[in-house]
Amino acid sequence: MIYAPTPNSIKDALHLLHRGDLIGLPTETVYGLAADATQDLAVAKIFEKKRRPTFNPLIIHGSSPASFKEHVFWNERAERLAKAFWPGPLTLVLPRRKSSSISLLASAGLDSLAIRIPNHPIALDILDKFAKPLAAPSANLSGRISPTTASHVEEDFPDLFILDGESTPIGIESTIVDLTSTSSHLLRPGGISREEIESIIGPLEALSYSLVKAPGMLESHYAPHLPVRLNVLEPSVNEAFLAFGPTSYEGKHLLNLSPTRDLKEAAANLFKMLRLLDLQHVKGIAVAPIPFDGLGVALNDRLQRAAAPRAP
Ligand code: TXA
Ligand code: MG
């Protein structure tokens with residue numbers, strides 16, 4: 001069920017979280033499936049509901065840097081990035097304190113924690129009032145397209161309590177930066193570009209997805225039901241077309257990520273448009289080439305995973 005964020009529904013949401021249940025929560029990137037990060041059973045419910053492999057750890061959300069300091073070892077790079085980008089679409093991976101009360105299941109037994117402060121009034125209100133960290137992966141079944149509206153969440157989880165925050169403004173998940181060693185690593189491209197991060201802490205090591213570092217990044221992911229074909233200039237008759245920039249294509253099943261080639265607009269539209277094209281009676285989805293600069297890196301990353309070979 002979808003609820004407008006009234007004082008009453010906020011109260012109900014907090015009540016559900018306290019008793020260890022899940023809620024659908026808007027953030028500025030995508031909707032999250034949130035639970036009290038300190039309750040093992042509540043965190044277990046996230047994995048169960050999403051059908052997510054338990055080796056894939058969750059991002060922990062808080063309302064202030066101070067709220068994380070009992071859970072992680074803070075460092076100078078974290079301080080500078082938090083000042084520059086929080087609240088906002090940046091997740092920092094830091095060494096976990098042994099004394100942290102966050103469920104070990106949430107971090108999948110790793111000795112690090114991924115943390116962020118979302119820049120969304122509803123998420124911040126809930127975090128502030130709940131006064132404990134929330135574990136929140138994207139609110140979609142594992143491997144499927146991330147949700148950017150409350151009704152996307154409802155499609156995957158019809159019985160979930162969902163707070164309505166309208167369309168998420170960024171539309172693509174947070175950038176994940178690993179600060180656990182002396183060099184900094186980009187683990188997932190996302191809503192803040194590599195260049196923006198490097199302007200604050202200097203060069204990032206090459207984008208590297210290792211099983212240990214960002215387990216969720218390996219499989220086919222963000223996947224529509226239809227097959228996806230990338231870097232297409234001329235779609236075939238049986239395909240829907242996801243264009244980027246001006247196009248002469250005149251087929252029926254056309255959506256344009258950004259007619260003006262604005263990568264921000266394209267990021268905000270990506271998941272919604274993939275979902276819409278996935279509903280058309282066609283054989284597949286063809287996607288136009290997207291430049292690899294700025295947010296384009298994150299867009300290409302999501303599209304490559306959407307097009308990746310599926311498990312049989
Ligand atoms: O924008 C976002 O980050 C959204 C919103 C809801 O906050 N959340 C999100 O969560 O994208 P999820 O679960 O879909 O993706 C979390 C990613 C996974 O790739 C996971 O492997 C990685 O974060 N991750 C979590 N904890 C980690 C850790 N300790 N070390 C490395 N990677 C970690
Ligand atoms: Mg996800």
Side-chain angles (χ1 to χ4, degrees), residues 22-35 37 43 46-47 49-62 68 71-73 85-96 100 102-120 122-124 126-127 133-148 152-153 156 163 165 168-181 185-192 207-223 267 271 298 301-302 305-306:
L22 309 181
I23 64 164
L25 183 69
T27 83
E28 82 282 32
T29 56
V30 300
Y31 277 69
L33 182 64
V43 173
I46 294 180
F47 285 94
K49 194 154 191 85
K50 270 189 70 104
R51 293 184 223 138
R52 178 176 176 117
T54 45
F55 57 75
N56 188 1
L58 308 175
I59 294 174
I60 308 302
H61 299 67
F68 291 125
H71 301 293
V72 296
F73 292 101
F85 300 117
W86 278 357
L90 174 67
T91 293
L92 302 178
V93 177
L94 289 164
R96 175 191 171 113
S100 166
I102 288 171
S103 162
L104 281 167
L105 182 58
S107 50
L110 298 177
D111 51 12
S112 58
L113 274 182
I115 57 174
R116 88 174 188 101
I117 302 179
N119 188 15
H120 192 289
I122 299 174
L124 286 172
I126 291 279
L127 283 164
L134 291 176
S138 52
N140 52 278
L141 289 169
S142 192
R144 313 229 27 106
I145 305 174
S146 303
T148 59
H152 293 166
V153 181
D156 278 5
L163 286 172
T168 58
I170 305 285
I172 204 158
E173 293 85 349
S174 60
T175 303
I176 306 181
V177 178
D178 183 348
L179 302 176
T180 54
S181 62
H185 296 254
L186 181 60
L187 295 186
R188 176 176 74 180
I192 292 181
L207 184 60
S208 68
Y209 302 121
S210 83
L211 184 64
V212 180
K213 284 303 184 186
M217 299 306 295
L218 280 178
E219 318 106 52
S220 151
H221 223 87
Y222 313 102
F271 292 139
D301 170 81
R302 302 305 187 272
R305 283 162 215 290

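Counting starts at 1 for both ligands and their atoms, in listed order. Numbers here simply count residues along the sequence, with the first being 1.
Distance check: L90 CG to N119 CG gives 12.0 Å after rounding to the nearest 0.5 Å. Expressed to the nearest 0.5 Å, how far CG of L94 lies from CG of D111 amounts to 12.0 Å. Interatomic distance, OG of S142 versus CZ of F47, reported as 9.5 Å (0.5 Å rounding). Taken from OG1 in T27 to CD1 in I126, the straight-line distance is 13.0 Å, to the nearest 0.5 Å.
Of all atoms in ligand 1, numbered sequentially from 1 with element shown, those under 4.0 Å from a heavy atom of A114 are 25 (C), 26 (N), 27 (C), 29 (N). Residue T29 has at least one heavy-atom neighbour below 4.0 Å for each of these atoms of ligand 1: 1 (O), 2 (C), 4 (C), 5 (C). In summary, the atoms of ligand 1 found under 4.0 Å from a heavy atom of I176, numbered by their order in the structure, are 17 (C), 22 (C), 23 (O). Residue L110 has at least one heavy-atom neighbour below 4.0 Å for each of these atoms of ligand 1: 28 (C), 29 (N), 30 (N). Near E173, meaning under 4.0 Å from one of its heavy atoms, ligand 1 places the atoms 1 (O), 2 (C), 11 (O). The ligand atoms of ligand 1 that sit less than 4.0 angstrom from a heavy atom of S138 are 8 (N), 9 (C), 10 (O), 12 (P), 14 (O). Interface of R116 with ligand 1, defined as ligand atoms under 4.0 Å from a residue heavy atom, comprises 1 (O), 2 (C), 3 (O), 5 (C), 7 (O).
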Exercise. Please report the C-alpha distance between S138 and E173 in whole Å, then the side-chain angles of each, then the deciding distance to 0.1 Å, and finally whether the side chain to side chain donor-acceptor pair (under 3.5 Å) criterion is met.
Key: CA-CA 8 Å; S138 52; E173 293 85 349; 4.5 Å; no
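Of all the heavy atoms of N56, the ones lying under 4.0 Å from any atom of ligand 1 belong exclusively to the side chain. Contact annotation: for E28 versus ligand 1, there are no heavy atoms closer than 4.0 Å. At a heavy-atom cutoff of 4.0 Å, ligand 1 is contacted by the backbone of A136 but not by its side chain.
Residue contacts with ligand 1 include H61, since one or more of its heavy atoms lies under 4.0 Å from the ligand. Ligand 1 lies out of reach of P118, whose nearest heavy atom is not under 4.0 Å from it.
Using cut-offs of 30° and 60° for the angle between ring planes, the F68 and W86 rings count as tilted.
A side-chain donor-acceptor contact under 3.5 Å links R188 and S174. Inspection of the R52 and N56 side chains reveals an N or O donor paired with an N or O acceptor under 3.5 Å.
Here Y222 fails the criterion, with no N, O or S atom under 2.8 Å of the Mg ion (ligand 2).
Ion pair R116/E28 flagged as a salt bridge, since at least one NZ, NE, NH1 or NH2 atom sits closer than 4.0 Å to an Asp/Glu carboxylate oxygen.
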